There are 2 protein chains.
Amino acid sequence: MSERRELIVELGERSYPIYIGEGILHEAGELLAARGISKKSPMLIVTDESIAKLHLPLLEKVLQEAGFTAVTAIVPPGESSKSLKVFEELVTKALQAGLDRKSAIVALGGGVVGDLAGYVAASYMRGIKFVQIPTTILAHDSSVGGKVAVNHPLAKNIIGAFHQPELVLYDLSTLQTLPPREVAAGLAEVVKHGLIWDEAFVAWCDENAERLVQLDSDALGYALYKGCSVKAAVVSKDERENDLRAILNLGHTIGHALEAVAGYGELLHGEAISIGMVGSARIGVRLGAPEEIYAVTKRVLSRVGLPVRLPEHLDTDAIMEAMMHDKKFQEGTMTFIVPTSIGQVEINSSVSKALVREIVEELKREA
Amino acid sequence: MSERRELIVELGERSYPIYIGEGILHEAGELLAARGISKKSPMLIVTDESIAKLHLPLLEKVLQEAGFTAVTAIVPPGESSKSLKVFEELVTKALQAGLDRKSAIVALGGGVVGDLAGYVAASYMRGIKFVQIPTTILAHDSSVGGKVAVNHPLAKNIIGAFHQPELVLYDLSTLQTLPPREVAAGLAEVVKHGLIWDEAFVAWCDENAERLVQLDSDALGYALYKGCSVKAAVVSKDERENDLRAILNLGHTIGHALEAVAGYGELLHGEAISIGMVGSARIGVRLGAPEEIYAVTKRVLSRVGLPVRLPEHLDTDAIMEAMMHDKKFQEGTMTFIVPTSIGQVEINSSVSKALVREIVEELKREA
Ligand SMILES: NC(=O)c1ccc[n+]([C@@H]2O[C@H](COP(=O)([O-])OP(=O)(O)OC[C@H]3O[C@@H](n4cnc5c(N)ncnc54)[C@H](O)[C@@H]3O)[C@@H](O)[C@H]2O)c1
Ligand SMILES: NC(=O)c1ccc[n+]([C@@H]2O[C@H](COP(=O)([O-])OP(=O)(O)OC[C@H]3O[C@@H](n4cnc5c(N)ncnc54)[C@H](O)[C@@H]3O)[C@@H](O)[C@H]2O)c1
Ligand SMILES: [Zn+2]
Ligand SMILES: [Zn+2]
């Protein structure tokens with residue numbers, strides 16, 4: 001069995017622990033009880049159909065044996081479940097199951113289930129307890145920071161809240177069933193956390209890319225621990241996304257535009273931001289940062305199995321247009337997160353549109 | 001012109017001012033700007049059809065003259081607008097109008113508009129600024145405390161958040177158009193704030209009942225100032241409703257049950273809690289508090305035009321049943337807010353059901 005890791009996300013009275021390890025789901029009962037999750041009030045487990053088949057029975061069994069009363073809601077897999085409609089169905093379910101102010105909502109799944117269930121927890125009776133059991137690599141990102149949300153037909157993540165979990169249980173065993181494309185997509189955010197904060201961790205990812213792709217538990221445990229730690233460090237300094245937290249958007253301005261233009265589905269979020277991070281590295285270099293940023297960024301992302309080239313059929317005008325709609329352009333200013341060295345970025349509010357356009361074109365010719 | 005009053009709701013970095021006065025709407029431009037509401041980002045005014053006819057033109061004119069850009073959403077009047085459906089329509093409107101993270105939502109109306117618009121402000125982009133312009137007396141209650149919510153078909157106020165406004169503008173002139181029944185219903189919460197906290201204010205209400213019913217601006221301004229002050233004092237000590245805040249529920253356990261059993265509409269909320277407060281006074285006396293609590297409670301409420309007798313056709317069993325479903329019965333314990341003297345209450349968790357039942361019967365025979 002691989003090493004067990006624990007991390008505290010420091011947020012004053014809203015601080016919470018993240019437990020990372022193989023088979024940790026077996027200890028869910030004790031860990032939830034230790035964090036004050038009530039056995040007297042019913043809890044609601046939220047998961048999706050694919051995950052339910054693989055990992056729900058164990059969770060239900062463990063919680064029942066520990067004396068918790070849990071009802072389960074299973075939503076269809078995929079982004080479309082992050083809707084107000086499914087949100088309302090979950091509230092109905094919570095009411096019917098008699099959840100009260102001491103109840104908890106438990107999210108067993110990836111970012112979709114986490115965001116959705118988290119918004120239910122944030123809103124039900126104006127906020128009840130929330131437990132995250134992430135089952136994707138990408139969800140290491142959503143398990144830190146307390147951002148929860150559903151989508152509106154006109155905009156992603158536009159309806160939401162900040163609602164911190166009581167605890168996060170990361171069982172590495174559950175990740176073994178992840179499809180390879182989801183593995184790589186999740187690793188994009190892991191690499192991102194290195195690129196914005198920690199040069200040594202970028203080097204580690206570079207060397208251990210193969211082990212990560214093969215889901216080696218030791219490597220994965222370390223990578224998730226580091227990824228969560230970086231995000232926690234950023235979020236602790238800026239819980240409500242006033243300034244610093246913006247650096248977490250490295251690669252996301254271009255990435256979101258690609259997702260929008262490609263139509264959600266063609267590119268996974270992690271794939272889109274992989275291309276976006278290569279673009280950001282290119283911008284950094286053009287603005288005077290060392291050349292190696294670009295080479296290293298591209299190499300690490302390729303090694304974990306991510307695309308680094310922008311699909312040629314995506315129209316440059318449409319991409320530029322989509323970027324102008326991105327909410328990061330507050331009141332018309334154009335802001336980019338730009339690398340200045342490996343493991344360091346700056347928030348640059350004066351990146352010219354002409355340069356961004358050139359970079360988008362260059363990304364289509366990426367070798 | 002009557003006296004101008006100002007009050008600060010003390011909530012650390014979330015503290016905000018309430019301005020109370022005749023014609024204060026004319027100063028909305030300066031007051032909003034002084035509190036940092038952006039003129040660069042569009043704002044959304046939410047109001048209902050009845051209020052729109054009476055008071056919207058002035059607000060729109062004042063804000064426009066001050067250089068704000070505002071779009072308006074007008075919802076149907078009444079509790080049914082506090083739904084997820086209308087919530088979603090407002091989010092759509094906000095998106096279409098281009099509201100960004102620096103935008104504000106302005107609620108012009110009673111508690112319905114305040115709760116609804118406040119939940120939109122709490123959720124849109126995970127929380128934007130919120131301004132309350134209450135136009136009912138009852139809304140003095142909802143303008144302090146930051147509770148915002150919509151209803152679910154199975155439960156009132158079950159989907160919501162805590163989201164404090166940036167400021168509250170209480171223009172006494174807008175209250176002049178209130179129907180008499182709404183005036184009395186609003187005064188129920190004013191009297192409640194006296195009964196839980198301030199004996200002298202109860203005496204003042206007793207003496208000034210006539211002036212309040214006639215909407216005398218000076219009396220009204222003072223009463224709203226006092227009502228808001230009491231609520232602010234309670235909320236400042238217990239922002240997230242952990243313990244003390246429960247005293248604000250004086251009369252509400254019986255009141256909510258009456259609303260539910262009568263069918264929403266027969267009894268206004270204020271009318272139901274008026275009867276509930278008489279019931280609580282009776283319980284207090286039965287538990288040993290001075291007799292006069294009952295006499296004074298009943299007299300003040302009658303004087304402001306509120307019912308104190310429980311409609312006989314409402315079934316006692318149904319009322320008892322409805323109380324058992326009230327969310328204040330956490331994990332089965334039966335809790336009542338019980339007066340101990342005029343201006344003072346206690347949270348009593350061991351009121352027997354038999355006693356409550358007797359009191360419900362007595363309330364039907366109230367002279
Ligand atoms: N809240 C935040 O801070 C934050 C941060 C990043 C991303 N997100 C959100 O996260 C979402 C994406 O998350 P995601 O990539 O985890 O998506 P996801 O939850 O849709 O999971 C991806 C797919 O993998 C399947 N799956 C999940 N776990 C599995 C497992 N262990 N074995 C086999 N299959 C499994 C799911 O059924 C799904 O089909 C987006 O909605 C995004 O907005 C939120
Ligand atoms: N958030 C809180 O802390 C809190 C506290 C108490 C009540 N509430 C909520 O408040 C709501 C009740 O508030 P309310 O009684 O103000 O109801 P309301 O907003 O429905 O207003 C009552 C009626 O008066 C009309 N009206 C409003 N202002 C008027 C004016 N100036 N002139 C003429 N007509 C006017 C409205 O159109 C409506 O028909 C409930 O939904 C309740 O849950 C919330
Ligand atoms: Zn991302
Ligand atoms: Zn009330």
Side-chain angles (χ1 to χ4, degrees), chain A residues 13-14 38-42 83-85 87-103 115 118-120 122-128 145-163 239-242 325-333, chain B residues 13-14 38-42 83-85 87-103 115 118-120 122-128 145-163 239-242 325-333:
Chain A
E13 58 178 19
R14 286 183 297 284
S38 168
K39 292 186 183 178
K40 291 191 209 151
S41 299
S83 69
L84 267 185
K85 182 172 163 290
F87 167 81
E88 184 166 21
E89 288 165 10
L90 293 179
V91 171
T92 305
K93 186 112 191 181
L95 277 166
Q96 286 167 343
L99 267 73
D100 61 37
R101 292 179 63 193
K102 293 186 178 166
S103 291
D115 281 11
Y119 187 51
V120 175
S123 308
Y124 187 77
M125 295 184 166
R126 299 194 181 86
I128 61 172
K147 280 189 177 187
V148 295
V150 297
N151 302 324
H152 180 281
L154 297 177
K156 261 199 80 170
N157 293 327
I158 207 77
I159 301 171
F162 287 90
H163 193 63
E239 189 178 355
R240 305 284 306 197
E241 195 164 21
N242 295 313
H325 279 106
D326 193 293
K327 67 182 167 189
K328 274 179 298 300
F329 297 108
Q330 274 183 19
E331 297 179 4
T333 28
Chain B
E13 57 178 21
R14 285 184 297 285
S38 168
K39 293 187 182 179
K40 290 191 209 151
S41 298
S83 69
L84 266 186
K85 183 171 163 290
F87 168 81
E88 184 166 21
E89 287 165 10
L90 292 179
V91 171
T92 304
K93 187 111 189 181
L95 278 166
Q96 286 167 343
L99 267 73
D100 60 38
R101 292 180 62 192
K102 293 186 177 167
S103 291
D115 281 10
Y119 187 51
V120 175
S123 307
Y124 188 76
M125 295 186 166
R126 298 195 183 83
I128 61 172
K147 280 189 175 188
V148 295
V150 297
N151 302 324
H152 180 281
L154 298 177
K156 261 199 79 172
N157 293 328
I158 206 77
I159 302 171
F162 287 90
H163 193 63
E239 188 178 357
R240 307 283 306 195
E241 197 164 19
N242 295 314
H325 279 106
D326 194 291
K327 65 182 169 188
K328 275 179 296 301
F329 298 107
Q330 276 181 20
E331 298 178 4
T333 26

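Just so you know, these numbers come straight off a predicted model, no measurement behind them. The chains referred to below are lettered A, B, ... by the order of the sequence lines, with proteins before strands, and numbering in each begins at 1.
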For B:Tyr124 and A:Ile158: C-alpha separation, side-chain torsions, deciding distance, then whether side-chain contact (heavy atoms from CB on, under 4.5 Å) applies.
CA-CA 6 Å; B:Tyr124 188 76; A:Ile158 207 77; 4.1 Å; yes

B:Val148 versus chain A, the contacting section by heavy-atom distance below 4.5 Å
backbone

By a 4.5 Å heavy-atom criterion (distance strictly below it), what part of B:Leu95 contacts chain A: side chain, backbone, both, or neither?
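Looking at B:Leu95, just its side chain touches chain A.
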
With respect to chain A, which residue among B:Gly98, B:Ala161, B:Ala122, B:Pro153 yields the maximal number of heavy-atom pairs within a distance under 4.5 Å?
B:Ala161

By side chain to side chain donor-acceptor pair (under 3.5 Å), A:Glu89 pairs with (sequence neighbours left out) A:Lys85

In sequence, state the C-alpha distance, the side-chain angles, and the governing distance for B:Glu88 and A:Ile159, and then conclude on side-chain contact (heavy atoms from CB on, under 4.5 Å).
CA-CA 9 Å; B:Glu88 184 166 21; A:Ile159 301 171; 5.5 Å; no

